[in-house]
Amino acid sequence: MRIQADREVCVGSGQCVLTEPAVFDQSDDDGRVRLLAERPGPEYAKTVREAVDLCPSRALSLGEDEG
């Protein structure tokens, strides 16, 4: 699983950080999403998918790793 975050679309609601703080953070400068892990381990799959679904601005998306 690979996460993409569009910081230009992010509104800084923080739902991702509240859902999975080991993977998402908010930048100190502007409050927008910052990825701590672009390719988190399988143990984070459920909460990362939940964070993507909860994002009000749809700034987060998931892709699958090739191979």
Side-chain angles (χ1 to χ4, degrees):
M1 169 182 4
R2 184 177 46 85
I3 307 168
Q4 291 180 317
D6 187 339
R7 292 180 43 83
E8 296 300 316
V9 175
C10 179
V11 296
S13 73
Q15 292 301 309
C16 56
V17 178
L18 292 171
T19 304
E20 188 47 76
V23 176
F24 303 99
D25 195 8
Q26 285 179 287
S27 171
D28 293 336
D29 296 339
D30 57 13
R32 294 181 184 171
V33 67
R34 183 170 63 93
L35 296 176
L36 299 176
E38 187 177 311
R39 290 179 169 84
E43 66 272 22
Y44 297 109
K46 181 180 177 182
T47 53
V48 166
R49 289 182 196 285
E50 183 178 345
V52 170
D53 289 342
L54 289 172
C55 181
S57 65
R58 302 292 177 230
L60 301 174
S61 62
L62 291 178
E64 297 300 323
D65 286 328
E66 294 182 20

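When all heavy atoms of Ala37 and Ile3 are compared, the closest pair comes out as O-CD1, 3.8 Å. The minimum heavy-atom distance linking Val48 with Pro40 is given by the pair CG2-CG, 4.1 Å.
The closest side-chain heavy-atom distance from Leu35 to Phe24 is below 4.5 Å.
Atoms OG1 and NZ, on Thr19 and Lys46 in that order, are 12.0 Å from each other to the nearest 0.5 Å. The CD atom of Glu20 sits 12.0 Å away from the CG atom of Leu54 when rounded to the nearest 0.5 Å.
The side chain to side chain donor-acceptor pair (under 3.5 Å) pairs that include a residue from residues 34-45 are Asp25-Arg34, Arg39-Asp65, where partners are two or more places apart or lie in different chains.
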Cut-off 3.5 Å, no hydrogens considered: what does the side-chain donor-acceptor table look like for residues 6-18, sequence neighbours left out?
from: Asp6; atom 1: OD1; to: Glu8; atom 2: N; distance (Å): 3.0
from: Asp6; atom 1: OD1; to: Val9; atom 2: N; distance (Å): 3.4
from: Arg7; atom 1: NH1; to: Arg32; atom 2: O; distance (Å): 3.4
from: Arg7; atom 1: NH1; to: Val33; atom 2: O; distance (Å): 2.7
from: Arg7; atom 1: NH2; to: Asp30; atom 2: OD1; distance (Å): 3.2
from: Arg7; atom 1: NH2; to: Asp30; atom 2: OD2; distance (Å): 2.9

